[in-house]
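Worksheet for the structure shown next.
Just so it is clear: chains get the letters A, B, ... in the order the sequence lines come, proteins before strands, and each one is counted from 1.
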2 protein chains.
Amino acid sequence: MSSAQQTQKALLRVARDHFAARGYQGTSLAQISAELGITKQGLLHHFGSKERLYRAVLGQLNQDLLQLLFAAMDEAEDPEDQLERFFVALADFSQAEQSASALVIGALIDGPGQAIIAQDAPPPLQDFLEPLVALVQATARWQKAGFPAALSIAMKLLGATCLFPAVRSSLALRFGPAPLGQAEQQAGAHLRDLVRRMVLE
Amino acid sequence: MSSAQQTQKALLRVARDHFAARGYQGTSLAQISAELGITKQGLLHHFGSKERLYRAVLGQLNQDLLQLLFAAMDEAEDPEDQLERFFVALADFSQAEQSASALVIGALIDGPGQAIIAQDAPPPLQDFLEPLVALVQATARWQKAGFPAALSIAMKLLGATCLFPAVRSSLALRFGPAPLGQAEQQAGAHLRDLVRRMVLE
DNA sequence: TATGCAACTTACCACTTGGTAAGTTATCTC
DNA sequence: GAGATAACTTACCAAGTGGTAAGTTGCATA
C-alpha cells in the first residue's frame with residue numbers, strides 16, 4: 001500500500017470516529033485535523049470538502065457492512081441462518097468498532113433528504129440496504145408478505161441491533177459501567193434470539 | 001391556560017420539530033425563531049439558552065412517553081400485555097408525531113456524555129427509561145435474568161420501534177413513497193408481533 | 001540537475017453561531 | 001393613573017464554520 005493510501009486511511013479512521021461520536025453537524029474539520037496533527041486545509045486537500053469526507057467515511061462503512069453480509073451468506077444455506085449470522089456479526093462488529101452503529105443510524109437519519117448529502121448522489125448505505133431487505137424477503141416467513149413488509153422487518157432488526165451499541169456510553173453514565181458491561185455481554189445472545197424469533201415462523 | 005403558556009407551547013412545538021429533523025447541532029436558534037416569526041432574542045428570552053430550550057423539548061417528550069407508558073399499564077394486567085400495548089402506542093404516536101422517534105434516538109445518543117447537556121443535570125428521558133426497564137424486568141421471561149438483561153432487551157425493543165419512524169423520510173427517498181406507505185401500515189402489526197415474541201417464553 | 005507533482009502550510013474570507021446589553025412596548029395589578 | 005413586569009426588539013460581539021488562494025516543501029522520475 002502506498003503511503004498516500006496509508007495516510008488517507010488514517011484520516012478516514014479519525015474522521016469516522018468524530019462523525020460517529022458527534023454527528024455530521026457536530027463535527028468540524030478543525031477538530032479532526034487537530035487530532036491528526038495537520039491543518040484543516042491539509043485535510044481538505046485530500047477530500048475537497050466536508051461532505052465528500054463524510055461520504056468517504058460512509059462508503060467505507062458500506063463496504064464493511066457488505067462484507068459482513070456476504071460473509072454471513074457464505075457461511076450458511078438458509079436465509080434464516082444467514083440473517084441470524086449477519087446480525088450477530090454486526091453486533092460484534094459494533095462492539096469492536098464503537099463508531100459503526102452510530103454511523104449507521106446517523107447515515108439513515110440524515111442520509112438524503114436533509115442538506116448534508118447532495119440529492120443527486122447515491123444515498124449512503126443503499127448498496128447494503130438493498131441486499132439486506134432482499135435477504136429478509138427470501139425467508140420462508142416473509143417471502144409472501146411483499147417488499148414493504150420485508151423493509152419494515154429489516155429496519156426493525158437493524159434498529160434492535162444498532163441502538164444499544166450507539167447509546168452505550170450514554171447508558172453507562174445513566175446506569176453505571178458495571179451493569180452496562182453485563183448488558184453488553186448478553187446483548188449478542190439476546191439479538192440472536194430476537195432475529196431467530198422474528199425470522200422463523 | 002395563560003397566553004404565556006400558550007406561546008411557550010407553540011415555541012416548544014416548533015423547536016421540537018427542528019431538533020427532531022436536524023438534531024441538536026444542526027438546529028440554530030435563528031431557524032426556529034424565523035419560523036416562529038420572532039427574533040432569535042425573543043426566543044432566548046423565554047428559555048435563556050439553546051441547551052435549556054432543548055432540555056425543555058426533551059422534558060415534554062419525557063412526559064408524553066411516560067403518559068403512554070402509564071396508560072398502557074392501566075389498560076392491562078400482565079406486564080407482557082402492558083409492554084405490547086405500550087410499544088404499539090409508541091409506534092402510533094411516532095407515526096402521528098413524526099418528531100418523537102428521532103428525538104428519542106437523539107436524546108439517547110447525545111444525551112449526557114457529550115457537551116450538549118450539562119453533566120450535573122439529570123439525563124434526559126431517564127424518568128421514562130427506568131420504569132420501562134423495570135416493566136421488562138417484571139415479565140415472567142426476564143425477571144430472573146437480572147437488570148442488565150432487561151436493559152438490553154428494553155433497548156432492543158426501543159430501537160426496533162423508533163428507527164423506522166425516524167428514518168421514514170430517508171427511506172421514502174430511497175425506495176419510493178408508495179412502498180414506504182405500505183411498510184408504515186404494516187409496521188404496527190410487525191412491532192406487536194416482535195414485542196410479543198420477545199416477551200413471551 | 002531539472003521538472004513536476006503531491007502534500008502540505010499560512011493567510012484570508014464571508015458567513016453563521018449562541019449569547020449579551022440596553023432599550024421599547026404592552027399588559028396587568030394595586 | 002402609577003408602577004412593575006413580561007415580552008419583546010435593535011444592535012452588537014467574539015468565536016467558530018467551511019472554503020479559497022497562493023505559496024512552500026520534499027520526493028520521485030526523466
Side-chain angles (χ1 to χ4, degrees), chain A residues 1-58 106 110-111 114-119 121 124, chain B residues 1-58 106-107 110-111 114-121 124:
Chain A
M1 183 187 300
S2 74
S3 91
Q5 284 175 315
Q6 277 185 336
T7 37
Q8 281 225 356
K9 269 211 163 176
L11 303 191
L12 276 181
R13 212 190 54 241
V14 172
R16 177 199 64 187
D17 292 343
H18 272 79
F19 283 129
R22 286 175 263 282
Y24 179 82
Q25 306 271 13
T27 299
S28 79
L29 298 177
Q31 290 168 2
I32 301 175
S33 50
E35 183 171 330
L36 286 162
I38 64 175
T39 62
K40 181 181 58 170
Q41 293 69 15
L43 184 57
L44 277 174
H45 166 73
H46 288 279
F47 295 96
S49 76
K50 185 186 181 184
E51 183 201 327
R52 280 207 283 271
L53 172 60
Y54 187 51
R55 279 218 302 264
V57 167
L58 294 186
D110 49 38
Q114 299 310 325
I116 296 178
I117 300 284
Q119 287 165 358
Chain B
M1 183 188 299
S2 74
S3 91
Q5 284 175 313
Q6 277 185 336
T7 35
Q8 281 225 356
K9 268 208 164 176
L11 302 192
L12 276 181
R13 213 189 53 240
V14 172
R16 178 200 62 187
D17 291 343
H18 272 80
F19 283 130
R22 287 175 263 282
Y24 179 81
Q25 306 272 11
T27 299
S28 79
L29 298 177
Q31 290 168 2
I32 301 174
S33 50
E35 184 170 331
L36 285 162
I38 64 174
T39 62
K40 182 180 57 171
Q41 293 70 15
L43 184 59
L44 277 174
H45 166 73
H46 288 280
F47 296 96
S49 75
K50 185 186 181 184
E51 183 201 327
R52 279 206 283 272
L53 173 60
Y54 186 51
R55 278 219 300 268
V57 167
L58 294 186
D110 48 39
Q114 300 309 327
I116 295 179
I117 300 284
Q119 288 165 359
D120 51 354

Quiz item: Within less than 4.0 Å of OP1 or OP2 of D:dT9, is there a side-chain N or O belonging to B:His45?
Solution: no

Residue set satisfying side chain to side chain contact (heavy atoms under 4.5 Å, CB included) with A:Ala15, at least two apart, ordered chain then number -> A:Phe19, A:Ile32, A:Leu53, A:Val57

note: B:Gln8, atom CD; D:dC8, atom C1'; distance rounded to Å ~ 13 Å

Notebook entry, point to check: Does the side chain of A:Phe47 reach to within under 4.5 Å of the side chain of A:Arg55, using non-hydrogen atoms?
Noted result: no

Hits for side chain to side chain contact (heavy atoms under 4.5 Å, CB included) against B:Glu35, two or more places apart or cross-chain, chain-then-number order -> B:Val14, B:His18

Sequence neighbours excluded, the answer for side chain to side chain contact (heavy atoms under 4.5 Å, CB included) partners of B:Thr39 is B:Gln41

On a heavy-atom basis, the closest approach of B:Ser33 and B:Ala30 is OG-O, 3.1 Å

Rounded to whole Å, the CG-P distance (A:Leu11 to C:dA7) equals 10 Å

Separation of C:dT9 atom C1' from A:His46 atom NE2, nearest Å, is 12 Å

- Message: Checking the side chain of A:Lys50 only, and the main-chain atoms of A:Thr27 only, is there a donor and an acceptor separated by less than 3.5 Å?
- Response: yes

A:Ile38 CD1 to C:dA6 P, in whole Å, measures 17 Å

Separation of D:dG19 atom C1' from A:Phe47 atom CZ, nearest Å, is 16 Å

Can you check nucleotides 16-19 of chain C for protein contacts, nitrogen or oxygen pairs under 3.5 Å, and list what you find?
{"residue": "C:dT17", "atom": "OP1", "partner": "B:Ser28", "partner atom": "OG", "Å": "3.1"}
{"residue": "C:dG18", "atom": "OP1", "partner": "B:Thr27", "partner atom": "O", "Å": "3.2"}
{"residue": "C:dG18", "atom": "OP1", "partner": "B:Lys50", "partner atom": "NZ", "Å": "2.9"}
{"residue": "C:dG18", "atom": "OP2", "partner": "B:Leu29", "partner atom": "N", "Å": "3.0"}
{"residue": "C:dG18", "atom": "N7", "partner": "B:Lys40", "partner atom": "NZ", "Å": "2.9"}
{"residue": "C:dG18", "atom": "O6", "partner": "B:Lys40", "partner atom": "NZ", "Å": "3.4"}
{"residue": "C:dG19", "atom": "OP2", "partner": "B:Lys50", "partner atom": "N", "Å": "2.8"}
{"residue": "C:dG19", "atom": "O6", "partner": "B:Lys40", "partner atom": "NZ", "Å": "3.0"}
{"residue": "C:dG19", "atom": "O6", "partner": "B:Gln41", "partner atom": "NE2", "Å": "3.0"}

Tightest non-hydrogen contact, residues A:Leu43 and A:Ile38, listed as N-CD1, 3.7 Å

If we only count heavy atoms from C-beta on, is the A:Tyr24 to B:Gln25 side-chain gap below 4.5 Å? no

Smallest heavy-atom separation, B:Leu36 atom then B:Ala10 atom, equals CD2-O, 4.1 Å

* Could you tell me whether the phosphate oxygens of D:dC8, OP1 or OP2, come under 4.0 Å of any side-chain nitrogen or oxygen in B:Thr39? => no

Between OH of A:Tyr54 and C1' of D:dT17 the distance, given in whole Å, is 18 Å

Under 3.5 Å, which protein N or O atoms sit close to an N or O of nucleotides 23-26 of chain D? Give each pair with its distance.
none

